Number of protein chains: 2
Amino acid sequence: MSPDVTRQSTLATGPDPLSLSEEEDGQAESGPAPEGVTNDLVELLFFAYRDFVGDPDRMLAEYGFGRAHHRVLHFVYHYPGLTIAELLDILRITKQSLNRVLKDLIEQGHIVQKTGRSDRRQRLLYCSETGATLTAELTRVQVRRVARAIADPVADEPTGARDGNGFAAAQGFLMAMIEPEERAAVTSLMARRARSRR
Amino acid sequence: MSPDVTRQSTLATGPDPLSLSEEEDGQAESGPAPEGVTNDLVELLFFAYRDFVGDPDRMLAEYGFGRAHHRVLHFVYHYPGLTIAELLDILRITKQSLNRVLKDLIEQGHIVQKTGRSDRRQRLLYCSETGATLTAELTRVQVRRVARAIADPVADEPTGARDGNGFAAAQGFLMAMIEPEERAAVTSLMARRARSRR
DNA sequence: CAATATACGTCAGTGTTGTTGACATATCTC
DNA sequence: GAGATATGTCAACAACACTGACGTATATTG
């Protein structure tokens, strides 16, 4: 509880210090963003992304692959014929990093290279049958999560703020992206901040 | 371009194969989700999150800290008095992993520990003045990005799909979370998939 | 009070994924 | 043919996660 804090000199223990302090609300014509809500969105994005990549992570682990492999598979699957340079630009990693995981995927036959037609220096990347099957499975669970979050956003009571703008929508979407069993924990955590702000 | 594909036997190079194939649209009463749009959201989430953590990453790098330090600072800052166990549950990492970064932050005086009052085994975590100042700065840029994305979502033309549900809203929000200079690249990438799907 | 459980810290080893720097090879462009 | 470009590779290193094992302080319980 927040009264446990003894206001020691060097400690900045105040209820969610500074936070936003009438942060620039970028021309939001329907009133300024309530300070706490945006903080919630920042954290919801963290939790949502964690669960979003959690499913694929677990599935890939069974193949001995990691998240880096997933990203390569994903973009090669969805954009067949991608070149190395394009993939590097998408992933924003070094070619050495890419090559390590790409080599795994090629050796295991999930991705194949084809020499470019117009430019024979290029190695166009494609998924093999097995790579496509695997990636389709990964995509399926991620698409399902997103589609459900869009279709059934979680109604927000904690903040209570009924803002016609996108705050409530974004919050509902992100909360719905979180694993259902974990939503209560997230909600009660954020309620703790809201409480200490009173 | 997709006609570059020569339909080799072992290659699954079709235009965005399987993808969704009338994926379960979980009781979406306003029509099923167009297959491509949800795929876009999956990728937008990747790009949005990348830029979302990019700013703090760069700022922390100057202090010799990384993303793990940021996460600890963030939650200790926003939830002063957090215990180790609570933090572990939030971050979902092992105590060894936490301890490594936490030790850095404590040694450098950004975080302080206080023995719990009711339970003297607990180490309650608080930000020091410097830790609070640093974290407030990190929070500021993240909150600004989110607040702007909510206030000025990016209108979607690429998909053209005008769906009253949350798809357009989510897409606009996530696209607005992406660094402005990079949006064109993302849009043209996803247009490439849409093109190959015709 | 003694036994057990809990909260936390730490040592040691390992794996994934990122980095930098240097260098090689094939191919395209001028 | 010279130089730029696309890709591959070797080596070293760092951040951040993991497992397993063990130690200490404090709380709880029979």
Side-chain angles (χ1 to χ4, degrees), chain A residues 4 46 49-50 53-54 56-76 81-108 111-126, chain B residues 46 49-50 53-54 56-74 76 81-108 111-126:
Chain A
D4 200 33
F46 167 74
Y49 195 80
R50 183 186 64 180
V53 296
D57 275 2
R58 278 186 293 275
M59 296 168 67
L60 269 291
E62 297 175 7
Y63 291 76
F65 293 146
R67 197 173 300 178
H69 299 88
H70 180 203
R71 293 197 277 254
V72 171
L73 279 173
H74 175 95
F75 285 104
V76 170
L82 224 44
T83 67
I84 300 288
E86 287 170 331
L87 195 46
L88 287 176
D89 189 56
I90 289 171
L91 300 178
R92 296 289 170 81
I93 58 177
T94 60
K95 64 178 171 183
Q96 293 91 329
S97 288
L98 172 59
N99 224 270
R100 193 175 2 177
V101 296
L102 188 54
K103 195 172 1 177
D104 292 344
L105 293 170
I106 290 175
E107 282 173 358
Q108 304 214 16
I111 286 185
V112 294
Q113 294 183 321
K114 279 194 52 174
T115 299
R117 268 235 264 287
S118 51
D119 188 336
R120 290 177 48 78
R121 292 172 303 181
Q122 294 178 334
R123 301 297 147 85
L124 309 186
L125 302 171
Y126 299 92
Chain B
F46 166 74
Y49 196 79
R50 183 186 64 179
V53 296
D57 275 2
R58 279 185 294 276
M59 296 168 67
L60 269 291
E62 297 175 8
Y63 292 75
F65 292 146
R67 197 173 300 178
H69 299 88
H70 179 203
R71 292 197 277 254
V72 172
L73 280 173
H74 175 94
V76 170
L82 225 44
T83 67
I84 300 288
E86 287 169 333
L87 195 46
L88 287 176
D89 189 56
I90 290 171
L91 300 178
R92 296 289 169 81
I93 58 177
T94 59
K95 64 179 171 182
Q96 294 92 329
S97 289
L98 172 59
N99 223 271
R100 180 161 21 94
V101 296
L102 188 55
K103 197 177 351 184
D104 292 344
L105 293 169
I106 290 175
E107 283 174 357
Q108 304 213 16
I111 286 185
V112 293
Q113 293 184 321
K114 280 193 53 174
T115 298
R117 268 235 264 289
S118 52
D119 189 335
R120 291 178 47 79
R121 291 173 303 180
Q122 295 179 333
R123 301 298 146 86
L124 309 186
L125 301 170
Y126 298 93

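Source: prediction; values computed, not measured. Naming convention: chains lettered A, B, ... in sequence-line order (proteins, then strands); numbering from 1 in each chain.
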Here the distance between atom C1' of C:dT19 and atom CZ of B:Arg67, to the nearest Å, is 14 Å

Separation of C:dT10 atom C1' from B:Ile106 atom CD1, nearest Å, is 14 Å

Nearest-Å distance, CG (B:Leu124) to P (C:dG9)? 11 Å

Smallest heavy-atom separation, B:Glu86 atom then B:Gly81 atom, equals OE1-O, 4.3 Å

Counting C-beta onward and ignoring hydrogens, is there a side-chain heavy-atom pair between A:Arg71 and B:Phe46 closer than 4.5 Å? yes

Taking side chain as C-beta onward, heavy atoms only, is B:Leu82 less than 4.5 Å from B:Ile90? yes

Would you tell me if any nitrogen or oxygen in the side chain of B:Arg71 comes within less than 4.0 Å of OP1 or OP2 on D:dA17? yes

How many whole angstroms separate atom CG of B:Leu88 from atom C1' of D:dC16? 15 Å

Nearest-nucleotide wise, let me know which of B:Asp119 and B:Leu98 is further upstream toward the 5' end of DNA chain D. B:Leu98

Measure distances between side-chain N and O atoms of B:Gln96 and base N and O atoms of D:dG20, and say whether any donor-acceptor pair falls under 3.5 Å. yes

Give a yes/no answer on whether the side chain of B:Ser97 brings an N or O atom under 4.0 Å of OP1 or OP2 in D:dC16. no

When you measure from the side chain of A:Ile84, which nucleotide among C:dT10, C:dG18, D:dT7 comes out closest? D:dT7

Which class fits the ring pair B:Tyr63 and B:Phe65: parallel under 30°, tilted 30 to 60°, perpendicular over 60°? parallel

Pair of N/O donor and acceptor under 3.5 Å linking C:dG9 base with B:Lys95 side chain: yes

Pick the closest DNA chain C nucleotide for A:Ile93 and for A:Gly64 by heavy atoms, then say which residue is nearer the 5' end. A:Gly64

Is it true that atom CZ of B:Arg120 has more than 12 heavy atoms of other residues, nucleotides or ligands lying nearer than 6.0 Å? no

Out of D:dC16, D:dT7, C:dC8, which has the shortest distance to the side chain of B:His69? D:dC16

Just the rounded figure in Å: distance from C1' of D:dG8 to CZ of A:Arg120. 16 Å

Pick base, sugar-phosphate or nothing for B:Arg100, based on heavy-atom distances below 4.0 Å to the nucleic acid. base

Whole-Å distance between D:dA6 C1' and A:Arg117 CZ? 19 Å

To the nearest angstrom, the CG-P distance between A:Asp104 and C:dG15 comes to 14 Å

Whole angstrom is fine here: how far is it from CG in B:Leu105 over to P in C:dG9? 13 Å

Has A:Thr94 got a side-chain N or O lying under 4.0 Å from the OP1 or OP2 atom of C:dT19? yes

Is the closest side-chain heavy-atom distance between B:Leu102 and B:Gln113 below 4.5 Å? yes

By nearest atom, which of the nucleotides D:dG8, C:dA7, C:dG9 is closest to the B:Gln122 side chain? C:dA7

Mind checking if B:Gln113 touches a base, just sugar-phosphate, or nothing, with heavy atoms under 4.0 Å? sugar-phosphate

Specify the residue among A:Arg121 and A:Asn99 whose closest nucleotide of DNA chain D lies further upstream toward the 5′ end. A:Arg121

